[in-house]
K.L.:
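Here it is: the structure, laid out below.
Fair warning: this is a prediction, and the values are worked out from it, not measured in the lab. Counting starts at 1 for both ligands and their atoms, following the listed order.
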Amino acid sequence: MDRLLVTGGAGFIGSNFVHHALAHTEANVTVLDKLTYAASEASLEGLPSDRVSLVVGDVADDTLVDRLVAEHDAVVHFAAESHNDNSLDDPSPFIRTNLLGTFALLEAVRKSGVRFHHVSTDEVYGDLDLDDPKRFTEDTPYNPSSPYSASKAGSDHLVRAWVRSFGVQATISNCSNNYGPWQHVEKFIPRQITNVARGDRPKVYGDGMNVRDWIHTEDHSSAVLAILQRGTIGETYLVGADGERSNLEVVRAILRHFGRNEDDIEFVRDRAGHDRRYAIESGKLRSELGWQPRYEDFDAGLAATIEWYLAHEDWWAGVKAATEATYAAKGQ
Ligand code: NAD
Ligand code: TDX
């Protein structure tokens, strides 16, 4: 796999994966990214220009995708509309990018025989009750709640069908909530870090008891690379690092880091259809591919992420006010 095509490689997780792949393989990488509001070319700065190039384009552009895919040995597909709240305001770009984009890529790899890895989410499984001892496994039935998660579920089904019907050489990973550098301030952890950094209160939806299973984005990258290199074609792997925390626990940890009162929280309007809890059982990935997370201490990973946002205020300050204005207009 000397030539990798990474879709969405200018986004939060995709850009981290590009850095990871360059550091841990000999591959050259082409990033295919539409550079939407969520992208950041800064996240790719400093990479060796003889090994990385950026093509600005749409994964749903089948002519472009056919040509690019045929020039590579493998595709790692991160490109997506990724924010649940945006999908509730306007589902249409989610349907176009997440479904039609994945369809265009699958047709291209069908023609060229190129290896394909599809990056997906645990949200395709719906949610768990807070007191349910179960966690999601590769056998959990699909039950998505939001337009975003339904579009990702649909894209997973397309991949599975293209493997079974057309023999496409594909794998799928479904990962839990990522945190780390370069995540857009619309998302929970960066929103609350930057709120508290500006002296504002964290904004928590509903009662704040919703649980997410946090994993550092670097650990997601190492899992994707392991699956790309050693995964079994046609298989799905769940990716998680045993990082279950309620939203309240997370904002209290952020407030503590800044020396602020842990109860200085603003409870705002709940998200429609808000999933209660996600939890990943990642035993298959660990036992079959020998993968292990490096960031097993969430509090240490969160502290490093807070410090990163404080050191990169010039990166997020420009979009913070507009992001907060959009939330405020919805009572969030
Ligand atoms: P992101 O929103 O930060 O980045 C998405 C990237 O895709 C951006 O660079 C954007 O410009 C690009 N993009 C969007 N539409 C495109 C199109 N039509 N053509 C080409 N490029 C396009 O998202 P993220 O959080 O980095 O998520 C990356 C992937 O990982 C997604 O598939 C998402 O479903 C999945 N995932 C995310 C998480 C998480 O916690 N963020 C967890 C599990 C899985
Ligand atoms: O201001 C907020 N306040 C709040 O309480 C925001 C933005 C979120 N929340 C809550 C909603 C969720 O319970 O925090 C939790 C996390 O919210 P998000 O960061 O929006 O993530 P989530 O909806 O869980 O989805 C994320 O993980 C799975 C990614 O955005 C998806 O792309 C991924 O598939």
K.L.:
Tell me if the aromatic rings of Trp315 and Trp308 count as close, with their centers under 6.0 Å from one another.
P.N.:
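Yes, ring centres under 6.0 Å apart.
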K.L.:
Are there over 12 heavy-atom neighbours, none belonging to Glu41, within less than 6.0 Å of that residue's CD?
P.N.:
no
K.L.:
Please compare Tyr37, Phe94, Phe17, Tyr148 and report which has the shortest non-hydrogen distance to atom 33 (C) of ligand 1.
P.N.:
Tyr148
K.L.:
Give the residue, atom name and distance (to 0.1 Å) of the protein heavy atom nearest atom 5 (O) of ligand 2.
P.N.:
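The closest one turns out to be Tyr205 N, 2.8 Å.
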K.L.:
Hey, is His83 touching ligand 1 through its side chain, its backbone, both or neither, going by heavy atoms under 4.0 Å?
P.N.:
neither
K.L.:
Please answer whether the main-chain N or O of Phe78 pairs with a side-chain N or O of Thr7 as donor and acceptor at a distance below 3.5 Å.
P.N.:
yes
K.L.:
Please confirm whether Lys152 approaches ligand 2 to less than 4.0 Å, judged on its heavy atoms.
P.N.:
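Distance cut 4.0 Å: Lys152 fails for ligand 2.
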K.L.:
Compute both the distance and the angle, then confirm whether Arg212 meets the cation-pi test with Phe188: under 6.0 Å from the six-membered ring centre, within 45 degrees of the axis.
P.N.:
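Relative to the ring axis of Phe188, which defines the angle, Arg212 lies outside at least one limit.
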K.L.:
Starting from atom 10 (C) of ligand 2, locate the nearest protein heavy atom and write down its residue, its atom name and how far away it is, to 0.1 Å.
P.N.:
Asn247 ND2, 3.4 Å
K.L.:
Identify, for atom 29 (C) of ligand 2, the protein heavy atom at the shortest distance, and state residue, atom and that distance.
P.N.:
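Going by distance alone, atom 29 (C) of ligand 2 is nearest to Ser82 O, 4.0 Å.
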K.L.:
If you take the nearest heavy atom of each of Asp61, Thr97, Ile13, which one is closest to atom 15 (N) of ligand 1?
P.N.:
Thr97
K.L.:
Which residue and non-hydrogen atom of the protein lie closest to atom 1 (P) of ligand 1, and at what distance in Å?
P.N.:
Ser82 OG, 3.6 Å
K.L.:
In terms of atom number and element, which parts of ligand 1 are under 4.0 angstrom from non-hydrogen atoms of Ser120?
P.N.:
43 (C), 44 (C)
K.L.:
For atom 19 (O) of ligand 2, find the nearest protein heavy atom and state the residue, atom name and distance (0.1 Å precision).
P.N.:
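For this ligand atom, the closest protein heavy atom is Phe188 N, 2.9 Å.
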K.L.:
Ring of Tyr205, cation from Arg271 - is the NZ or CZ under 6.0 Å from the centre and inside 45° of the axis?
P.N.:
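That pair does not qualify as a cation-pi contact.
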K.L.:
At the 4.0 Å heavy-atom cut-off, does Val119 count as touching ligand 1?
P.N.:
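The answer is yes: ligand 1 sits under 4.0 Å from a heavy atom of Val119.
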K.L.:
Would you say Tyr37 and Glu186 are linked by a side-chain donor-acceptor pair, where the criterion is simply a distance under 3.5 Å?
P.N.:
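The criterion, which ignores hydrogens and geometry beyond distance, is satisfied for Tyr37 and Glu186.
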K.L.:
Distance under 4.0 Å to a non-hydrogen atom of Lys152: what atoms of ligand 1 satisfy this?
P.N.:
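Ligand 1 atoms under the 4.0 Å threshold to Lys152: 31 (C), 32 (O), 33 (C), 34 (O).
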K.L.:
So is Glu186 touching ligand 2 or not, going by heavy atoms under 4.0 Å?
P.N.:
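Right, Glu186 reaches ligand 2.
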K.L.:
Would you mind listing which atoms of ligand 1 come within a distance below 4.0 Å of any non-hydrogen atom of Ala10?
P.N.:
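With Ala10 as reference, the close atoms of ligand 1 come out as 9 (O).
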K.L.:
Please check whether Lys187 reaches ligand 1 - meaning an N/O of the residue sits under 3.5 Å from an N/O of the ligand, judged on distance alone.
P.N.:
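No, Lys187 has no N/O under 3.5 Å of an N/O on ligand 1.
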K.L.:
Considering the heavy atoms of Gly57, write down every atom of ligand 1 situated less than 4.0 Å from one of them.
P.N.:
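Within the 4.0 Å cut-off of Gly57, ligand 1 contributes 19 (N), 20 (C).
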K.L.:
Kindly indicate whether the side chain of Glu218, heavy atoms from C-beta on, has any atom under 4.5 Å from the side chain of His19.
P.N.:
no
K.L.:
Within a distance under 4.0 Å of any heavy atom of Asn177, pick out the atoms of ligand 1 and give their elements.
P.N.:
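The list of qualifying atoms is 40 (O).
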K.L.:
Out of Ala80, Ala60, Gly8, indicate the one that has the non-hydrogen atom closest to atom 5 (C) of ligand 1.
P.N.:
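Considering heavy atoms of Ala80, Ala60, Gly8, the nearest to atom 5 (C) of ligand 1 sits in Ala80.
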K.L.:
Of all the atoms in ligand 1, which lie at a distance below 4.0 Å from a heavy atom belonging to Ala38?
P.N.:
2 (O)
K.L.:
Taking 4.0 Å as the limit for heavy-atom contacts, which would you say applies to Thr7 with ligand 1: side chain only, backbone only, both, or neither?
P.N.:
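It is neither part, as no heavy atom is under 4.0 Å.
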K.L.:
Which residue owns the protein heavy atom closest to atom 21 (O) of ligand 2, what's the atom, and how far is it?
P.N.:
Asn177 ND2, 3.4 Å
K.L.:
What protein heavy atom lies closest to atom 42 (C) of ligand 1? Include the residue and the distance to one decimal.
P.N.:
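Of every protein heavy atom, Ser176 O, 3.3 Å lies nearest to atom 42 (C) of ligand 1.
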K.L.:
Any nitrogen or oxygen of Asp275, side chain or backbone, less than 3.5 Å from one on ligand 2?
P.N.:
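Not met; the criterion fails.
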K.L.:
How many angstroms lie between CZ in Arg294 and OG in Ser221, if you round to the nearest 0.5 Å?
P.N.:
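Rounded to the nearest 0.5 Å, the CZ-OG separation comes to 11.0 Å.
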